[in-house]
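Accompanying notes for the structure given below.
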There are 2 protein chains.
Amino acid sequence: MMPDSIARFRRFARAVTAEIGALDSSFLGRGRPLGAARVVNAIGAGRADVAEIRAYLGLDSGLMSRLLRSLEEEGLVATEPHPEDARRRVVRLTDAGQREFLAYEDISDARASTLLARSPRADALLRAMDLVALTLGRDRIAIEEADPRGETARACLEAYYAELARRLESGFDVKRSRDPEARAMVRPRGTFLLAVADGLPVGCVGLKGSGGPIAEVKRLWIDPAARGFGLARRLMQAVEAVARDLSVAVLRLDTSSALPEALALYRTSGWVEVARFNDDPYPDHFFEKAL
Amino acid sequence: MMPDSIARFRRFARAVTAEIGALDSSFLGRGRPLGAARVVNAIGAGRADVAEIRAYLGLDSGLMSRLLRSLEEEGLVATEPHPEDARRRVVRLTDAGQREFLAYEDISDARASTLLARSPRADALLRAMDLVALTLGRDRIAIEEADPRGETARACLEAYYAELARRLESGFDVKRSRDPEARAMVRPRGTFLLAVADGLPVGCVGLKGSGGPIAEVKRLWIDPAARGFGLARRLMQAVEAVARDLSVAVLRLDTSSALPEALALYRTSGWVEVARFNDDPYPDHFFEKAL
DNA sequence: TAAATTGCCTGACTAAAGTCAGCTATTATG
DNA sequence: CATAATAGCTGACTTTAGTCAGGCAATTTA
């Protein structure tokens, strides 16, 4: 490791602590101690189980309980027993609580946007932040099914097309390629999977089926900031699992020698190179895998 | 601004808060509250004035005083009156305090190196961290004089040469260029200035003098992660101030059209393009400025 | 040189965070 | 079905952080 890499890391930690500490204290100023504000935000972020919130915030059970009581007194949250296990409790925000949560969100958003506006190269800064955030949070990246026509999926596909255009010598035009009909990538014929980090998409893959025994893997893409974590392999494993679930017997895919990482991945995960099986102008390598 | 840029910023803040919060709490576990540990670290980092530490840590005067008393009782610090103003006090670490400080340093270093080791592309991660740290800490970048033969200066010069080699079509070989003798960049003949962010160099510029009325500006370089903050302009202003101080009447410099940012800077800050004044093979533009 | 200011200290206080033992209700287990 | 385990709650407590008024000694200013 470079001799000053630890110094550089620690400079980063210092710079960020100052800024992020301020970000934390911006949760104050609404007449509520930090602990209570953090609970409101955890619930607003979708955490409902008391134990889950406690684990997330690292709180003692007694302290947690007291914070919830004080938020209840304020009329911000309501708790009720868990429907399946009456020992556990679920918390939700009341309307007033929701408003308070949104006020906190506004504070955070405003802070973020001020800091970004100060940056001379906000795009480069964001890419750098993505890389840091994804590296630190790589274990929290989840794979989930999504509608390929949805907004999130379309953003991934746009990024995929843009990258192909950059990397293929001939450029890339979706219309000239065999653009899979979106319905072929929706159950029961196929699927579309997203890799999601903290609510933002960082990768995707499609399974284009016809209802028959052969299906095709399409649109494998990983955000540059999320490369190197084995995410492509995870997506491929997930898409193969769905294919098996849909009783697909043989998977196919086409790819290009302009994408050497993809070629290497297929070759080391059970895919066999076969003869060209379509007349799409872009691919020059074709693979098959029996399930 | 892109619609999801705020979401990306906040994902970064979340990821980093979790990690950095842990970094902070790693200051615990040595039987001492966080406040006291932070004071030990501030002193270990070279802060000696009580008021300075107080300002840095944002502490109330009463609290600060109490923290110092408790550290004195532990035998970690010793305070004495300031030699020039007996109202002020200076603090230093005792031997035991120094040991304790180093123990904290070891904890932080170990943490940094664990996180870096987990990263598949530590170099890219560090560059990203540099960019974030420098953007957040841009107001703390200081310009200071240094010996061009020192380790830090040499690291900057190496980076400068490497960048020239990348950007000049013909490549770059220091030996073929008029490598200024280091002594010509030391007072009283010249100077060498470093831009320093949190102890790490992020830019440099040299003033090569002969003792006569003409001196030359050389080796202007800015770390890619620190570009866009107007640092080059600050360095040039600083080097001009030193030149005036050394009674230089006319400044000269040569540069290359492969460095358009540099050309633009000189053209917008009072430099006048003149005819070639040396036979160095690399430069193709020559400037002069009367002081 | 008297008055104001500065830098740090002390005592008395509050708020917030965190700990711990014991309680109740519910669910799982032999 | 008795017992153990689990989830959350309550009361009593400690620690840490932070605030504020006043005090003292040194220094600056009028």
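What you see is a predicted model, and the numbers here were worked out from it, not measured in a lab. Order of the sequence lines sets the chain letters (A, B, ...), proteins ahead of strands, with each chain counted from 1.
Between the CZ atom of A:R89 and the P atom of C:dA25 there is a distance of 13 Å, given to the nearest Å. Rounded to an integer number of Å, the gap from B:H82 NE2 to C:dT6 C1' is 14 Å.
Within a heavy-atom distance below 4.0 Å of DNA chain D, the residues of residues 31-55 of chain A found are A:V50, A:A51, A:R54. Within residues 57-81 of chain B, the residues having any heavy atom under 4.0 Å from DNA chain D are, by residue number, B:L59, B:D60, B:L63, B:R66.
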Would you write the dot-bracket representation of DNA chain C, where each base gets (, ), [, ], | or . depending on whether it forms a Watson-Crick or G-U pair under 3.5 Å and with which partner? ||||||||||||||||||||||||||||||
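No side-chain heavy atom of A:I141 sits under 4.5 Å from any side-chain heavy atom of A:V196. Side-chain atoms of A:F229 and A:I222, non-hydrogen and from C-beta on, never get closer than 4.5 Å to each other. For the pair B:R187 and B:D245, the minimum side-chain heavy-atom distance is below 4.5 Å. Side chains of A:R54 and A:L63 form no contact here, defined as non-hydrogen atoms less than 4.5 Å apart. When side chains are defined from C-beta on, A:T79 counts as touching A:R69, because their heavy atoms get closer than 4.5 Å. A 4.5 Å side-chain heavy-atom check between A:L115 and B:L136 finds at least one atom pair inside the cut-off. Proximity of A:D130 to B:R11: side-chain heavy atoms (C-beta onward) are separated by under 4.5 Å at one or more points.
The CZ atom of A:R14 sits 10.0 Å away from the CG atom of B:N41 when rounded to the nearest 0.5 Å.
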Verdict with supporting geometry, B:R118 and B:T114, side-chain hydrogen bond (donor to acceptor under 3.5 Å, both in side chains): CA-CA 6 Å; B:R118 266 171 41 105; B:T114 306; over 6 Å; no
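Using a cutoff of 4.0 Å between basic side-chain nitrogens and carboxylate oxygens, A:R88 and A:E52 are not scored as salt-bridged.
In terms of phosphate contacts, A:R87 brings no side-chain nitrogen or oxygen within less than 4.0 Å of OP1 or OP2 of C:dA28.
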